[in-house]
Engineer: 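Before I ask anything, let me first share the structure, which is written out below as structure tokens.
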Amino acid sequence: MRYDFSSIEAKWQKKWEDAEVFRARDDFSKPKFYGLIEFPYPSGAGMHVGHIKAFSGIEVISRKRRMEGYNVLFPIGFDAFGLPTENYAIKTGMHPRQVTDKNIKKFTSQLKRVGFSFDWSRTVDTTEEGYYKWTQWIFLKMFENGLAFKDTALVNYCPSCKVVLSNEDSQGGKCDICGNEIIQKSKDVWYLRITKYADKLLSGLEEVDYLPNIKQQQINWIGKSTGAFVNFGLSGTSEKLRIYTTRPDTLFGVTFMVIAPEHPMLDKHRESIKNYDEVEAYRAECAKKTEFERTQLVKDKTGVRIDGISAVNPVNGKDIPIYISDYVMMGYGTGAIMAVPAHDERDYDFAKKFGIDIIEVIKGGDISKAAYTESGEMINSGFLNGLTDKKTSIEKMIAYLEEKGIGEPGVQYKMKDWAFNRQRYWGEPIPIIYCDKCGMVPVPYDQLPLRLPEVKNFEPGEGGESPLAKIPEFVNCKCPKCGSDAHRETDTMPQWAGSSWYFLRYIDPHNDKEFASAEKLKYWMPVDWYNGGMEHVTRHMIYSRFWYKFLYDLGLVPTSEPYAKRTAQGLILGPDGVKMSKSRGNVVDPNDIVDAYGADVLRVYILFMGDYASAAPWSESSLRGCKRFLERVADLPEKAKGTGATPALESIFHKTIKKVSGDIEELKFNTAIAQLMSLLNEIEAVGSLTVDELSVYIRLLSPFAPHLCEEIWEGMGNRKLIAVAAWPEYDENKTIDSTVEMAVQICGKLKGTITLPSDVTKENALAAVRADEKFASLIEGKTVVKEIFVPGKIINLVLK
RNA sequence: GCGGGUGUGGCGGAAUUGGCAGACGCGCCGGAUUUAGGAUCCGGUGUCACCGACAUGCAGGUUCAAGUCCUGUCACCCGCACCA
């Protein structure tokens, strides 16, 4: 068969579309499979081969599931709100709507050319009114339930993008969008109270099947720690200085206290602080530093001792100095710490620099050299002396603190509430109205969606206000409660909003009464298998699990977790071994590959190039190897005659069915394809195969190279599509060959092989080895002290 | 620093419970065919002192047998990073 990929591929893409084979049916009697990929952001650059790899894993699983008889939901959509589109609109004067439509069109055509088996009838676009209506609806539900709230706070602000960023979007002190330095700015901020769900997000991980490193990253991100709050006295006042510590067992070793530069007690006790000028100067210096600079200066501790106020250790009444230092963060715990230099590295560094006492309370280290952070026998610690178990010491101390009323057990999380507003145009408007009489009033549900108004100028204001603030028709409104003049919130939601629930909309994408019907949700949820990039493990995944758990608590979704299983693909690196990027010019465009080699070659190569979960460099010559493979497959029908099984091929066929079926389930596509290549080599060596065997072969290959396989399948006289043909089954007994080649070792050294019946007994195998001339000569004259026989594998004789 | 992971030919990568290291593909070498080839087909291809020995980052250990298990060590990648 001449392998004319371009006509074959166009032909089958059309047939699939006409036959609607990839549509998920709301037929609740069938077993379902919901496979999900991270919907793309439709950027102007179009897709690159990394997208193809990201989607190909679940694509293959979904195709296999259909052949196994499942009702498969494998949807696609576009996460289309966001800054790059808006920035492009500002630059070119095009409306973001037009830019988005254009980009979606481009992505759609690229995706269709690759032959993905998406259900295109369920496509969602987060920027469509029918979609963002429900994003706003969920926001209002959160508002109603106290999970969306407004606060004035120091926020991460990007002066270049003119936008407030969440902690997740400003990691390393750089803006996630433009890469510029972020600064701290005081602003009115909308928050989603994700911290309320911290424990549920943590414990929920026990119910789900995520790759271990994915779970670990989420656990670290949530950052739960247990310890105690302790109230230290403040000399000369009736006030307390409250701290959080994970090591209450070291309370007798406290020699100073440290508070964050932003700590409110500084203002409160201004009168008592003798060196207030010095303190104030230090605070000003800290405020100038970005979060990034602060964390960069890890080694070099700075600070100022507060003169005039000191603290009292509640367990022994000792008077201890208080310092202000920027190594203590206002955003974690209480913004104040008890410092135990003997057993904490940071406190140790600080104490050394400022000449503060170091009291050892745990034996085992040399505190003249370094802090000792391991466990050991308690000393200098009153009622804890002699204890050696850290856990017991902590429990005893906490019991004591509670009894005396000076402290209590506590829990802290690194995760912070989610800063949720952006001063930008291309996002979901936050549906809140400000009324002088009623305060913050939600837009009534029946008025959703709150539409984005038409705007001429998408530039944010210099003061960082949203472009929507310049549209009086949008801003000015009546209070829904009292009818008096009011104004609207002009900020929009961050890009993460729309992606926090899109997998629910796929289930019922055209429903205008609910975000999705309960009946359909009950059938389709949870997502059975979600694959995506590692970069979304701590943001998108945690955000969407949070939204879903909130909806679960309202009784609106049927399960406590949205994703039953989560895996991640590795990057495709450029041919130069470096991450693909426009600036390096090493990006491979899937369109070019489809043009030159065809979609099937692209698909097979991407899954064959290496371990799916690892990064691997692009190689055009390896890609050509996959082309040669498919060309040889295309010639198989000429070799097919007769029915039943070819004796020389029977066991390898059964082995291949077993291996390909198993490997696909483990995302080991590279070895599945390697097995199919091996089998092809065998078939060519034999010279022919039966029609039944050809049928098995192309069904196994069809999830990888669906177009070519449909073509061959049709050529064999099948009228039904291979996309819905039955997945081949194997017979375990037939995977076993009648004879095996076993390795023969003498004293653990390989001396040769011997062919024996696969069910040979140890006695017969050893007899056969002894009867063999070559091996017999090696044994002659020696005593065999041990005989090892591993069926089907190895015979090892240990001689003396 | 903490957490997660990876080290195997010239390259991408394979190796059930420890059981013939290097599957499969690329590249390379030789041959066939071709006006020509960066096309196609056939054969070969871990290294070396080549009838044998040595090889899975390095050094030890357990074992009849180690890429796989144990101890130590080095290198690299990813994530978080003064989280008290």
Side-chain angles (χ1 to χ4, degrees), chain A residues 171-172 211-221 223-225 227 243-248 250 258 260 292 294-301 325-329 331-340 343-347 349-350 373 412-416 534-535 537-538 570-571 573 577 604-605 608-611 613-629 631-632 662 668 670-681 684 741-753 784-799:
Chain A
Q171 293 175 34
L211 289 178
N213 54 335
I214 294 177
K215 275 194 191 181
Q216 198 56 51
Q217 268 196 42
Q218 295 200 0
I219 290 166
N220 293 346
W221 189 261
K224 182 177 183 171
S225 82
I243 61 98
Y244 174 74
T245 180
T246 54
R247 296 298 302 276
T250 61
V258 188
F292 185 63
R294 254 171 97 158
T295 54
Q296 281 305 292
L297 302 166
V298 173
K299 296 272 159 359
D300 193 23
K301 297 270 185 296
S325 173
D326 65 0
Y327 84 90
V328 173
M329 304 293 158
Y332 185 81
T334 63
I337 62 156
M338 64 179 217
V340 185
H343 306 290
D344 180 283
E345 283 173 32
R346 296 150 303 175
D347 298 348
D349 293 344
F350 194 87
T373 54
Q412 283 291 302
Y413 301 93
K414 288 185 197 173
M415 189 169 70
K416 307 211 171 85
M534 283 306 293
E535 69 276 18
V537 160
T538 49
L571 293 174
L573 306 173
V604 168
Y605 172 61
F608 179 67
M609 64 194 292
D611 176 22
S614 311
W618 182 264
S619 155
E620 187 126 354
S621 53
S622 287
L623 177 84
R624 278 196 291 273
C626 292
K627 181 167 195 270
R628 280 196 276 272
F629 167 56
E631 280 168 347
R632 286 162 59 204
K668 289 164 78 175
N670 54 336
T671 51
I673 293 167
Q675 178 68 26
L676 286 165
M677 289 173 169
S678 279
L679 174 53
L680 181 61
N681 291 343
E684 288 179 346
E741 195 181 54
M742 288 183 68
V744 179
Q745 296 184 341
I746 306 289
C747 296
K749 296 283 179 194
L750 183 69
K751 294 297 172 188
T753 60
V784 175
V785 293
K786 200 165 180 181
E787 296 163 337
I788 288 119
F789 173 77
V790 182
K793 299 276 183 189
I794 211 160
I795 298 156
N796 187 11
L797 299 177
V798 185
L799 307 177

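These values consider heavy atoms only, across backbone and side chains, with no hydrogens, waters or symmetry-generated copies. Proteins come first, then strands; the chains are lettered A, B, ... in the order of their sequence lines, and each starts at number 1. Since this is a predicted model, take the numbers as computed values, not measurements.
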Engineer: For A:G748 and for A:C626, find the nucleotide of RNA chain B with the closest heavy atom, then tell me which residue's nucleotide is more 5'.
Structural biologist: A:C626
Engineer: Taking only N and O in the side chain of A:N796, is any of them less than 4.0 Å away from OP1 or OP2 of B:U63?
Structural biologist: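 No.
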Engineer: Over all strands shown, is A:E741 touching base, sugar-phosphate only, or nothing at heavy-atom distances under 4.0 angstrom?
Structural biologist: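 A:E741: base contact, heavy atoms under 4.0 Å.
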Engineer: Hey, mind stepping through A:M338 and A:T250 against side-chain contact (heavy atoms from CB on, under 4.5 Å) and telling me if it holds?
Structural biologist: CA-CA 10 Å; A:M338 64 179 217; A:T250 61; 3.7 Å; yes
Engineer: Side chain of A:Y605, backbone of A:S619: donor and acceptor closer than 3.5 Å?
Structural biologist: yes
Engineer: Sticking with atom C1', work out how far B:C77 lies from B:G72, rounded to a whole angstrom.
Structural biologist: 23 Å
Engineer: So which atom in A:V798 and which in A:I788 form the shortest heavy-atom distance, rounded to 0.1 Å?
Structural biologist: CG2-CD1, 4.2 Å
Engineer: For nucleotides B:G9 and B:U45, find the distance between their C1' atoms and express it as a whole number of Å.
Structural biologist: 10 Å
Engineer: Which part of the nucleic acid, if any, lies within contact of A:S621, taking any heavy atom under 4.0 Å across all strands shown: a base, the sugar-phosphate backbone alone, or nothing?
Structural biologist: sugar-phosphate
Engineer: Please enumerate all protein N or O atoms sitting under 3.5 Å from an N or O of nucleotides 5-10 of chain B, with distances to 0.1 Å.
Structural biologist:
none

Engineer: Find the distance A:Q745:CD to B:G18:C1' and express it as a whole number of Å.
Structural biologist: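 Going from CD in A:Q745 over to C1' in B:G18 covers 12 Å.
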Engineer: Using Watson-Crick pairs (N1 to N3, plus N6-O4 or O6-N4) and G-U wobble pairs, both distances under 3.5 Å, which stems of at least 3 pairs involve RNA chain B?
Structural biologist: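 Paired runs of 3+ in RNA chain B: B:1-7 with B:74-80, B:10-12 with B:24-26, B:27-32 with B:40-45, B:46-48 with B:52-54, B:57-61 with B:69-73.
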Engineer: Does B:G22 sit syn or anti, given that only angles within 90° of 0 count as syn?
Structural biologist: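 Anti conformation here, the glycosidic angle of B:G22 being more than 90° from 0.
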Engineer: Would you mind classifying the nucleic acid contact of A:D347 as base, sugar-phosphate or nothing, using non-hydrogen atoms under 4.0 angstrom?
Structural biologist: nothing
Engineer: I need a per-nucleotide contact map over nucleotides 41-57 of chain B, read 5' to 3'. Cutoff is protein heavy atoms under 4.0 Å; write B for the base, S for backbone only, - otherwise.
Structural biologist: S----------------
Engineer: Quick one: CG on A:L571 to CD on A:E535, what's the gap to the nearest 0.5 Å?
Structural biologist: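 A:L571 CG to A:E535 CD: 7.5 Å, rounded to 0.5 Å.
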Engineer: Does B:C50 adopt a syn or an anti glycosidic conformation, taking syn as a chi angle within 90° of 0?
Structural biologist: syn
Engineer: Just to confirm, is there a sub-4.0 Å distance from OP1 or OP2 of B:G19 to any side-chain nitrogen or oxygen of A:K793?
Structural biologist: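 No, outside the criterion.
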Engineer: For A:Y244 and B:A84, is the shortest distance between a side-chain N/O and OP1 or OP2 below 4.0 Å?
Structural biologist: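 So the side chain of A:Y244 is outside the cut-off, no N or O lying under 4.0 Å from OP1 or OP2 of B:A84.
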Engineer: Under 6.0 Å from the six-membered ring centre of A:F350 and within 45° of its axis: does the NZ or CZ of A:K301 meet both?
Structural biologist: no
Engineer: Expressed as a whole number of Å, how far does the C1' atom of B:G1 sit from that of B:A14?
Structural biologist: 37 Å
Engineer: Calculate, to the nearest 0.5 Å, the distance between atoms OG1 and CD1 belonging to A:T246 and A:I337 respectively.
Structural biologist: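 Reported value, rounded in 0.5 Å steps: 10.5 Å.
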Engineer: Is A:S225 touching bases, backbone alone, or none of the nucleic acid, heavy atoms closer than 4.0 Å?
Structural biologist: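 Here A:S225 touches the backbone only, sparing every base.
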Engineer: Quick one: is B:G79 close enough that its OP1 or OP2 comes under 4.0 Å of any side-chain N or O from A:K414?
Structural biologist: no
Engineer: Looking for any heavy atom pair under 4.0 Å, which part of the strands does A:A339 touch: base, sugar-phosphate only, or nothing?
Structural biologist: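 A:A339: no heavy atom of the nucleic acid under 4.0 Å.
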Engineer: Taking atom C1' in both B:A21 and B:G31, compute the distance separating them and give it to the nearest angstrom.
Structural biologist: 30 Å
Engineer: For A:G625, which contact category applies under a 4.0 Å heavy-atom criterion: base, sugar-phosphate, or nothing?
Structural biologist: sugar-phosphate
Engineer: Verify, without hydrogens or angle tests, whether A:T671 (side chain) and A:K668 (backbone) share a donor-acceptor contact under 3.5 angstrom.
Structural biologist: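 Answer holds: yes.
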Engineer: Under 4.0 Å between any heavy atoms, over every strand shown, what does A:K224 touch: base, sugar-phosphate, or nothing? Just pick one.
Structural biologist: nothing
Engineer: 5'-most contact on RNA chain B: A:F608 or A:M742, nearest heavy atom basis?
Structural biologist: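 Mapping each residue to its closest nucleotide by heavy atoms, the 5'-most match is A:M742.
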Engineer: Ignoring backbone atoms, establish whether A:N670 has a side-chain N or O less than 4.0 Å from OP1 or OP2 of B:A14.
Structural biologist: yes
